[in-house]
Participant: 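Take this structure, written in structure tokens, and hold onto it; I'll ask about it next.
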There are 2 protein chains.
Amino acid sequence: MVTRKEVADLAGVSEATVSRVFNGLGPMKPTTKERVLQAAKQLNYHPNAIAQSFARRRSGNLGVVLPYMPKVHLFSTYYFAEILSGIGEQVREQGYDMLLTLLTPEDSADYIRLFRSQKVDACVILGSRDTPGQRESLQRLQEEKLPFCLVNQHFAGMELSEVDADHVQGSCMAVRHLQEAGYRRIAFLNGSPEYSNSMDRLKGYCQAMNDAGLEVSPQLLFEGNYSRKSGYEAAAKLWEQRDEVEAVFAANDRMAIGLMQGLRERGWTAGRDLAVVGCDDSDAAKLSDPPLTSVSVPFYEMGKAAARRVLGQVLDGESGKSFQVKLPTQLIVRQSSLRNHE
Amino acid sequence: MVTRKEVADLAGVSEATVSRVFNGLGPMKPTTKERVLQAAKQLNYHPNAIAQSFARRRSGNLGVVLPYMPKVHLFSTYYFAEILSGIGEQVREQGYDMLLTLLTPEDSADYIRLFRSQKVDACVILGSRDTPGQRESLQRLQEEKLPFCLVNQHFAGMELSEVDADHVQGSCMAVRHLQEAGYRRIAFLNGSPEYSNSMDRLKGYCQAMNDAGLEVSPQLLFEGNYSRKSGYEAAAKLWEQRDEVEAVFAANDRMAIGLMQGLRERGWTAGRDLAVVGCDDSDAAKLSDPPLTSVSVPFYEMGKAAARRVLGQVLDGESGKSFQVKLPTQLIVRQSSLRNHE
DNA sequence: TTGTATGCGTTATCAT
DNA sequence: ATGATAACGCATACAA
């Protein structure tokens, strides 16, 4: 490995001067600069980033914590992919790299290790669940005033830095849309309540139902796990009480699509025999048959905003105060929720 | 920051002993070990990973190089997502983290910088294109004997380490499948020729056509850019010569689906009025209407294999010799390629 | 404008 | 079984 010293020797200057040249610091004679660059080029010198990180006590990496689930192809989950794309865009703009860490729920105490280890300057946490252990880990991060931020989730009563979407509003819109189309017996297929999104969507559903003077009957509530399969299975249960249901709002697109597939096998087509609305407005919503009405969530922007803010705290010395951002959602109407479209 | 020194002082031992305890090296008295761990816990000490990397000259990170394209939500691309998931699985098993870097084609000379900077111990390169600049950069990496590996692409005549899929075979199978279904006038919608996959698929298409004694007429060849939109646009061109075409093989699912959507607007349904086969067997293939017959590619396994091998070179001192792996593909038959399915 | 000197927190080698 | 100490490659405060 070529070091600064060798460059300094060849150029006939001190090591400090080489550093100055490479960091563009302080005034320097153009000829000296030229000599140094010349020597560096000749030796094929490249500063050692690890040594730089070590000396500067800054890594140039933004940590991204993802939940590890065996057998799950994590990156293929629409919202993770979109959030990561947004983070990627932002870190690129700031010359940072992304350090991805996959943590199981049991590893989660390791948030601290991530920072302590100095491998990252700031971090963004995705897909953590609301459990006592998680809350404790996050609380500790908070207490140590480390620059971190949650994306697409909210821990009630904790004042953590978060960039979330207004899932209550989105769900409310979705259900209202169904009501305006004339449906009254609207079921709700939710995901695991460990995610704040699920609770928010339930809240939005209830709110819209109540506002319309409709009862939230327990038999209208279904629960899956956000997989297509669980939506498919929900179709069976729903089928048993098909006379009581005119429409379904599902907490994500995958479940909505699984549901539609399950119903189709029984002869029911969404948009004709019942109305279906999903959440995420993923690519799948555009491709499904019929195209799925869905609540669009600005995941990309959320990832980008989260990265911008935590890096801002590090680089521009922005306030370390926790922040809460909540971006609006939007309803994209397609055929699955229209009456008699075919 | 709590350092080893403070722990040593509190435990009444030397710094070296603290290191030994934390690295589990050499023999040591259990009581000493206990005292050190106790002190560390009390002070909330965590070894500084940057300092460790610096001293060990090893980062514990696997670099992943991705192409940066403005406005493209990179991680949402099915095959990147799958490959990344596979890499993620493997690095987790080895206790490594993934360092993601987004490079534009112009940045590509920076492959070297990645290693020189010591931020990564090995790296995996995704989505690079076959251009003179790329070849030169990769050549240099090769010359420096740095442990790296390409995934899902092949640079003819270079003997680089690669984990690829047998796209020639996959395409050949797809076209044969169409031929066996009785189609003879089979069009091919390819993506950009800058990707080796595209060339491989063309080769497979031609091979199957020739084997069947069919002519590869230029008017049967279409080119898109792997986006759904480009498939949609291809539908218009294809429509003009609809009397000459019975079936279409598309180089990825997105284009195949765009094509089907474009044709449907003109009244043609895949699986009824013509047959369509895609590539990747992405989620979209299962969701589309009709479900899309597609060539399944083991992206996840490819990512995992690539990570395993480059990390093996680093950790287990495996041979640094370049390796070429080519995994088989599989044809998944669904309704889009069946005749008169509805 | 440039050089000198110190420190960053480890690992690893050599003593004891 | 444990301690002392020299690297590791750079940033940076201070001196010249």
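All chains are named by letter (A, B, ...) in the order of the sequence lines, taking the proteins before the strands, and each is independently numbered beginning at 1. Side chains included, hydrogens not; waters and symmetry mates left out as well; all remaining heavy atoms used.
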Participant: Is a donor on one side and an acceptor on the other found under 3.5 Å between the side chain of B/Thr101 and the backbone of A/Asp97?
Facilitator: no

Participant: Strictly under 3.5 Å: I want the nitrogen or oxygen pairs between protein and nucleotides 6-10 of chain C, one per line.
Facilitator:
residue	atom	partner	partner atom	Å
C/dT10	OP1	B/Tyr45	OH	3.0
C/dT10	OP1	B/Asn48	N	3.1
C/dT10	OP2	B/Arg4	N	3.1

Participant: Who passes ring-ring contact (aromatic ring centres under 6.0 Å, His included) against A/Tyr78, sequence neighbours left out?
Facilitator: none

Participant: Reading DNA chain D from 5' to 3', where do the contacts with chain A start and stop? Cut-off is 4.0 Å to heavy atoms.
Facilitator: D/dG9 to D/dA13

Participant: In chain order, what residues pass the salt bridge (Lys or Arg N to Asp or Glu O under 4.0 Å) check against B/Lys5, with sequence neighbours excluded?
Facilitator: B/Asp9

Participant: Name the pairs: protein N/O against N/O of nucleotides 13-16 of chain C, kept only if under 3.5 Å.
Facilitator:
none

Participant: So, A/Arg20 side chain and A/Met28 main chain: donor-acceptor pair closer than 3.5 Å or not?
Facilitator: no

Participant: Identify, with sequence neighbours excluded, every residue that meets salt bridge (Lys or Arg N to Asp or Glu O under 4.0 Å) alongside A/Arg4.
Facilitator: A/Glu15

Participant: How would you list, by chain and number, every residue that makes a ring-ring contact (aromatic ring centres under 6.0 Å, His included) with B/Tyr300, sequence neighbours excluded?
Facilitator: A/His73

Participant: What closest approach, in Å, do A/Cys123 and A/Val65 show between heavy atoms, and which atom pair accounts for it?
Facilitator: SG-CG2, 4.2 Å

Participant: Which residues pass the salt bridge (Lys or Arg N to Asp or Glu O under 4.0 Å) test with B/Glu34, not counting sequence neighbours?
Facilitator: none

Participant: To check you understand the geometry: which heavy-atom pair defines the closest contact between A/Val36 and A/Val7, and what is its length?
Facilitator: O-CG1, 3.9 Å

Participant: Please collect all ring-ring contact (aromatic ring centres under 6.0 Å, His included) contacts where either partner lies in residues 13-64 of chain A, sequence neighbours excluded, each pair once.
Facilitator: A/Phe22-A/Tyr45, A/Phe54-B/Phe54

Participant: Can you name the side chain to side chain donor-acceptor pair (under 3.5 Å) partners of A/Arg135, sequence neighbours left out?
Facilitator: A/Asp130

Participant: Just to be sure I understand the geometry, which residues of residues 27-37 of chain A put a non-hydrogen atom under 4.0 Å away from DNA chain C?
Facilitator: A/Pro27, A/Met28, A/Lys29, A/Thr32

Participant: Using the salt bridge (Lys or Arg N to Asp or Glu O under 4.0 Å) rule, collect all pairs that involve residues 301-312 of chain B, keeping only residues at least two apart or in two chains.
Facilitator: B/Glu93-B/Lys304

